[in-house]
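Once you've had a glance at the structure underneath, I'll fire off some questions.
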Amino acid sequence: MKKLYINTGGFDSIFDNLKENFGGELFISSNEYKLTIKSKWANGNITGVRFEKEMSYLNFDLTFNQDVNLSIESNPFAPVFFAYCEKGTVYHSFGANGTVKYLKKQQSGIMSNSSSINSVLYFESHKHIQFSLVGMPTNSETAKNNFTSQLKNRFTNESGNYLYIGAENPKIGEKLQELKSIPQQGTVRYLLMKSILREVLELEIAQHSYNYLTPFEPILKFAIKQLTEIRKISDINFGAIMTPVLYIKRNLQTKLLRQKYHLELEPFNQKLAS
């Protein structure tokens, strides 16, 4: 088994660590990173995007050539990580001797770690793995707003270690596929990715709240606002996009009234690690 250690810090440091451990070629364009690996340790790609200091996205598409134990140092900004598995199995524990939990295809996980204990990921050899991570800091100057306060209140606990694993929300799965299919480049691509990932986190908050109805209106308002901003700097015809968004907004308002006494969404059972 190959044992690796990752020091958390800036995005540059993380990708430099990954390159040092796995080898490969690192390409950076604006705020997007791509590490192409073809070495004795693994084959595949690790890609990522950083959105200033407020949010980050990582996607792993790899096949390891031997079992790997990846120990990740706890982050001083206490981020909440949302994990989505598309293929294979990801194993996780708090500390080398902690209880091992696993995330498999079509499952999602939520993890936060503000303790001094490292998070440890385990990967099996010769098994193709695809999963994504969305991270949002909860302990920084840029994180002091209502949105991150909601994340912190719902997905952290006093022990410092929080872990949830459950079935992936289909709406979030659709958003992640939408994220991968963005054809635009440059600033437009950056803003579209940021908008989609923000919607993913809004959906997570909604799904894990006692009141499932109220969070959806802010999602639609945010989407319309972002599309308006993008339209100012793009030649794309957004009429075909804005029309269905507004249509969905009107229909959702009607649907919410019908669902007032017949709520369709069901809360998932949460598993906490402390």
Side-chain angles (χ1 to χ4, degrees), residues 47-49 51 55-61 80-92 101-112 128-136 147 150-151 154-155 162-183 192-224 226-227 240-272:
T47 56
V49 185
F51 300 91
M55 184 167 51
S56 59
Y57 169 77
L58 287 167
N59 179 263
F60 296 79
D61 185 353
V80 176
F81 288 103
F82 298 84
Y84 307 97
C85 187
E86 300 173 59
K87 191 172 185 178
T89 305
V90 182
Y91 299 88
H92 171 273
K101 304 286 186 178
Y102 63 88
L103 186 70
K104 58 184 181 180
K105 184 178 179 180
Q106 294 184 330
Q107 283 190 318
S108 65
I110 305 171
M111 188 273 289
S112 63
H128 189 191
I129 177 74
Q130 287 181 306
F131 71 100
S132 298
L133 287 175
V134 183
M136 174 70 80
F147 181 70
Q150 290 184 66
L151 290 173
R154 299 192 194 288
F155 306 122
Y162 175 99
L163 181 66
Y164 159 85
I165 295 174
E168 183 181 290
N169 184 326
K171 293 181 183 296
I172 291 177
E174 291 173 6
K175 286 296 174 186
L176 294 174
Q177 289 303 313
E178 183 181 339
L179 183 74
K180 291 184 177 181
S181 62
I182 296 174
L192 284 171
M193 293 183 76
K194 183 177 180 180
S195 176
I196 291 170
L197 290 171
R198 173 70 180 236
E199 289 182 59
V200 167
L201 298 187
E202 292 276 10
L203 285 166
E204 289 286 9
I205 291 174
Q207 176 177 298
H208 293 274
S209 300
Y210 290 109
N211 184 352
Y212 291 91
L213 301 182
T214 55
F216 286 94
E217 184 68 14
I219 292 173
L220 291 167
K221 289 180 179 178
F222 181 81
I224 293 170
Q226 290 295 303
L227 289 171
I241 300 176
M242 292 295 291
T243 299
V245 169
L246 295 172
Y247 175 80
I248 291 170
K249 180 179 180 181
R250 290 193 298 270
N251 280 271
L252 180 57
Q253 289 171 335
T254 303
K255 187 177 181 180
L256 292 182
L257 291 174
R258 292 201 305 268
Q259 291 178 348
K260 183 175 181 181
Y261 301 103
H262 300 282
L263 198 59
E264 292 183 355
L265 292 174
E266 296 292 340
F268 292 116
N269 293 325
Q270 294 195 5
K271 302 177 182 178
L272 299 181

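This is a predicted model, so every value here is computed, not measured.
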List the steps and the verdict of side chain to side chain contact (heavy atoms under 4.5 Å, CB included) for F131 and N59.
-> CA-CA 6 Å; F131 71 100; N59 179 263; over 6 Å; no
How far does CE of M136 sit from CG of L151, to the nearest 0.5 angstrom?
-> 6.0 Å
Partner set under side chain to side chain contact (heavy atoms under 4.5 Å, CB included) for Y102, not counting sequence neighbours | T89, Y91, K104
L197 CG to I172 CD1 distance, which is reported to the nearest 0.5 Å = 11.0 Å
Does E174 pair with K171 as a salt bridge, N-O distance under 4.0 Å?
-> no
Go through the steps for L103 and Y84 under the test side chain to side chain contact (heavy atoms under 4.5 Å, CB included), then give the verdict.
-> CA-CA 8 Å; L103 186 70; Y84 307 97; over 6 Å; no
Mind running side chain to side chain contact (heavy atoms under 4.5 Å, CB included) on M55 and L201 for me, showing each step along the way?
-> CA-CA 10 Å; M55 184 167 51; L201 298 187; 3.9 Å; yes
Do side-chain atoms of S108 reach the backbone of A83 as a donor and acceptor pair under 3.5 angstrom?
-> no
For the residue pair C85 and Q130, establish whether any side-chain heavy-atom pair is separated by less than 4.5 Å.
-> no
Would you sort out whether Y162 and I110 count as a side chain to side chain contact (heavy atoms under 4.5 Å, CB included), showing the intermediate values?
-> CA-CA 8 Å; Y162 175 99; I110 305 171; 4.1 Å; yes
Closest non-hydrogen atom pair, K87 against I129 | O-CD1, 3.1 Å
Is K175 close to E199 at the side-chain level, that is, under 4.5 Å between some pair of heavy atoms?
-> yes
Under the side chain to side chain contact (heavy atoms under 4.5 Å, CB included) rule, collect the residues that match up with S56, sequence neighbours excluded.
-> F11
Kindly indicate, with the supporting measurements, whether the criterion ring pair (Phe, Tyr, Trp, His ring centres under 6.0 Å) is fulfilled by F82 and F155.
-> CA-CA 10 Å; F82 298 84; F155 306 122; 5.4 Å; yes
First locate atom CD1 of I182, then atom CE of M193, and finally report the distance between them rounded to the nearest 0.5 Å.
-> 5.5 Å
Indicate yes or no: at least one non-hydrogen side-chain atom of I196 is less than 4.5 angstrom from one of L176.
-> no
Over 12 non-hydrogen atoms of neighbours within 6.0 angstrom of CD in Q106 = no
Between E86 and K180, is the closest basic N to carboxylate O distance under 4.0 Å?
-> yes
Any idea which heavy atoms bring F81 and G135 closest together, and the distance?
-> CD2-CA, 3.8 Å
So, do T47 and F60 sit near enough that their side-chain heavy atoms are less than 4.5 Å apart?
-> no
Going by heavy atoms in the side chains, are V80 and M111 under 4.5 Å from each other?
-> no
Are any non-hydrogen side-chain atoms of D61 and H128 less than 4.5 angstrom apart?
-> yes
